[in-house]
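Here's the structure, in structure tokens; my notes come after.
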Amino acid sequence: MKHFFRVLLFIAIAALCSGCGSQNGPGSAAGGQGGGGQKDGGKTGQNVRTAETTWQYVDTAMGTVIQQTLYAPDEETARDFSLQAMELLWGLERERLSWRLDTSEVYRANATSGSGEGFLLSRDLAELLESGMELSERSQGAFDMTLGSVTRLWNIDEWAAESNPEGFQIPSRETLAQALSACGYEKLRLEWEERDEGEREEGRGEEEQEENEREKCRIFLPEGMQLDLGAVGKGLGMSELTSLLEGQSSITGAVISLGGSILTYGSKPDGSSWRVGITDPFDKSSNIGILSLEGQWCISTSGDYERYVEVDGVRYHHILDPRTGAPAVSQVRGVTVLLKDGLLSDGLSTACFILGPQEGMALAAEYGAESLFILSNGEIVMSEGMERLFSETR
């Protein structure tokens with residue numbers, strides 16, 4: 001029995017600047033619904049100057065390659081921002097998102113699975129989980145952050161990164177059913193702890209008082225449940241990077257790629273649009289089309305050819321269907337979602353892949369997102385707003 005694998009970047013930046021080049025940093029396996037990034041930060045990659053005010057930096061974080069194209073008045077400004085961006089991404093993984101690093105909140109929350117005392121969350125992670133649970137409800141469970149026990153069982157990301165994945169084993173029905181029984185967003189419980197009346201502070205408005213009363217949140221994970229935030233990790237990174245850019249007036253424009261997620265911000269000196277290429281899933285060496293964008297956007301893509309293992313002609317990819325615990329069977333090869341909010345765009349692309357074009361497009365529209373679906377027969381289906389931004393090139 002022969003096994004084949006391929007690790008692919010699914011979406012690429014096209015024609016960002018004339019003569020753009022880059023210097024590659026070390027690579028590692030990427031995350032998704034079915035595996036969060038696991039690699040902690042290292043030394044920031046070197047830069048390549050590509051135009052008078054254009055600087056590029058390449059490094060790794062969140063288990064993927066991070067490419068930064070920055071428009072700044074000088075190298076020192078660009079380099080300083082690049083370092084801040086990488087520290088931010090490494091910090092997100094190290095302190096909040098990783099299920100492998102014992103320094104992260106997710107790791108420590110998972111360690112309390114089955115505990116009656118639960119785990120006290122930071123406000124940021126609690127609000128992230130609340131947003132994720134809302135998306136789970138609105139997607140009828142197509143998106144689920146509680147699949148950790150199942151994703152570890154399949155271990156697709158690790159096998160896809162292997163040069164010789166001969167030992168890959170398809171989980172048995174019994175083993176898969178047991179792991180799946182510990183999952184389910186509806187079993188997850190978040191409880192905000194209100195302050196006592198005596199802790200209410202004088203001189204604050206009622207709205208501010210109510211906000212402060214929700215400062216503490218405790219999570220309760222049933223026995224065996226494990227969080228996996230891989231499907232929103234890079235989206236959160238895009239959202240945090242947007243906030244960082246908003247505080248840097250000297251960075252007039254940027255495009256930052258986090259694997260299959262891309263952030264555009266500001267503008268180029270010549271005023272031209274950001275051009276983001278969407279890879280053709282049937283010919284990964286070329287683009288199926290180009291998005292032309294102005295200003296700040298988060299572009300997230302999910303597909304069955306991003307990370308996978310093939311066994312006897314069957315592709316086992318990293319996007320797991322919470323209903324079956326197995327790689328999703330979909331008429332879709334790839335989904336691209338366009339939204340201002342990185343966290344939601346990342347989660348939506350996963351949910352839309354599982355739901356398919358009709359239900360997926362309706363879900364994206366609920367969030368004000370534009371969506372594009374590449375079907376298994378080669379047809380492209382997209383929202384009305386996406387039609388105005390997308391130009392097919394095949």
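Separating the CG atom in Leu338 from the CD1 atom in Ile262 is a distance of 11.0 Å, to the nearest 0.5 Å. Rounding to the nearest 0.5 Å places CG of Leu121 at 11.5 Å from CZ of Arg96. Atoms NZ and OG1, on Lys340 and Thr242 in that order, are 9.5 Å from each other to the nearest 0.5 Å. To the nearest 0.5 Å, atoms CG (Leu339) and CE (Met238) are separated by 9.0 Å. Atom CG of Leu244 sits about 9.0 Å away from atom CG of Leu89, to the nearest 0.5 Å. Considering CD of Glu76 and CG of Asp74, their distance stands at 6.0 Å, rounded to 0.5 Å.
The shortest heavy-atom contact between Ala328 and Ile354 is CB-CG1, 3.9 Å. Between Leu176 and Thr324, the shortest heavy-atom contact is CD2-O, 3.8 Å. Residues Ala351 and Leu363 come closest through the heavy atom pair CB-CD2, 3.9 Å.
When only modelled atom types and interatomic distance are considered, Ser149 and Gln226 share no side-chain donor-acceptor pair under 3.5 Å. Defined by atom type and a distance below 3.5 Å, a donor-acceptor pair is present between the side-chain atoms of Ser302 and Ser349. Between Thr175 and Ser172, the side chains place a donor N or O and an acceptor N or O closer than 3.5 Å (distance only, hydrogens not considered). Gln68 and Ser82 are linked by a side-chain donor-acceptor pair at a separation below 3.5 angstrom, with hydrogens and angles left out of the test. In this model, no donor atom of one side chain and acceptor atom of the other lie less than 3.5 Å apart for Glu93 and Ser98. Side-chain atoms of Asp80 and Thr77 form no donor-acceptor pair, as typed in the model, at a separation below 3.5 Å. Judged by distance alone, the side chains of Gln296 and Glu246 never bring a donor and an acceptor atom under 3.5 Å apart. A donor atom on one side chain and an acceptor atom on the other are found under 3.5 Å apart for Asp228 and Thr151. Side-chain polar atoms of Ser122 and Asp124 form no donor-acceptor pair below 3.5 angstrom.
Sparse packing is recorded around OH of Tyr107, with 12 or fewer heavy atoms of other residues, nucleotides or ligands lying under 6.0 Å away. More than 12 heavy atoms of other residues, nucleotides or ligands lie within 6.0 Å of CD in Glu240, so this atom counts as buried by the packing criterion. Other residues, nucleotides and ligands contribute more than 12 heavy atoms inside 6.0 Å of the CD atom of Glu387.
By the 6.0 Å and 45° rule, Lys216 does not stack over the aromatic ring of Trp192. Note that Arg333 lies outside the cation-pi zone of Phe373, set by a 6.0 Å cut-off to the ring centre and a 45° limit from the axis.
Taking the six-membered ring where the residue is Trp, the centroids of Tyr71 and Trp274 are separated by under 6.0 Å. Between His318 and Tyr305, the ring center distance fails the sub-6.0 Å criterion.
Between the Ser113 side chain and the Met225 main chain, a donor and an acceptor come within less than 3.5 Å of each other. With Lys187 contributing its side chain and Ser181 its backbone, the two residues share a donor-acceptor pair below 3.5 Å. At distances below 3.5 Å, not a single donor-acceptor pair connects side-chain atoms of Asp59 with backbone N or O atoms of Ile66. In this structure a side-chain-to-backbone donor-acceptor pair under 3.5 Å is missing from Arg138 to Glu134. Within the 3.5 Å criterion, the main-chain N or O of Glu117 finds a donor-acceptor partner in the side chain of Ser115. Proximity of a side-chain donor or acceptor of Tyr57 to a complementary backbone N or O of Arg79 within less than 3.5 Å is detected. With Ser371 contributing its side chain and Met361 its backbone, the two residues share no donor-acceptor pair below 3.5 Å. At least one donor-acceptor pair closer than 3.5 Å links the side chain of Ser330 to the backbone N or O of Val332. For Lys284 (side chain) and Asp280 (main-chain N/O), no donor-acceptor pair under 3.5 Å exists by modelled atom type. In terms of modelled atom types and a separation under 3.5 Å, the side chain of Ser239 and the main chain of Gly342 share a donor-acceptor contact.
Using a 4.5 Å cut-off between side-chain heavy atoms of Ile, Leu, Val, Met, Phe, Trp and Tyr, with links allowed through other members, Leu147 and Tyr185 fall into different hydrophobic clusters. Leu120 and Leu125 fall into different hydrophobic clusters, where Ile, Leu, Val, Met, Phe, Trp and Tyr residues are linked whenever their side-chain heavy atoms come under 4.5 Å apart, directly or through other members. Follow the hydrophobic side-chain contacts under 4.5 Å out from Phe220 and you never reach Leu229; the two are in separate clusters.
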Checklist line | Residue pair Leu97, Met62: steps toward the side-chain contact (heavy atoms from CB on, under 4.5 Å) verdict | finding: CA-CA 9 Å; Leu97 301 178; Met62 294 184 166; 3.9 Å; yes
Next item on the list: With side-chain contact (heavy atoms from CB on, under 4.5 Å) as the test, would you mind laying out the steps for Val337 and Asp346 before giving the verdict?
Entry: CA-CA 8 Å; Val337 171; Asp346 204 4; over 6 Å; no
Next item on the list: Could you go through the side-chain contact (heavy atoms from CB on, under 4.5 Å) check for Asp102 and Arg108 one step at a time?
Entry: CA-CA 7 Å; Asp102 61 9; Arg108 287 180 283 129; 5.9 Å; no
Next item on the list: Could you please spell out the steps behind the side chain to side chain donor-acceptor pair (under 3.5 Å) verdict for Gln331 and Ser376?
Entry: CA-CA 5 Å; Gln331 60 177 308; Ser376 55; over 6 Å; no
Next item on the list: Please step through side-chain contact (heavy atoms from CB on, under 4.5 Å) for the pair Val232 and Thr350, ending with a clear verdict.
Entry: CA-CA 9 Å; Val232 293; Thr350 297; over 6 Å; no
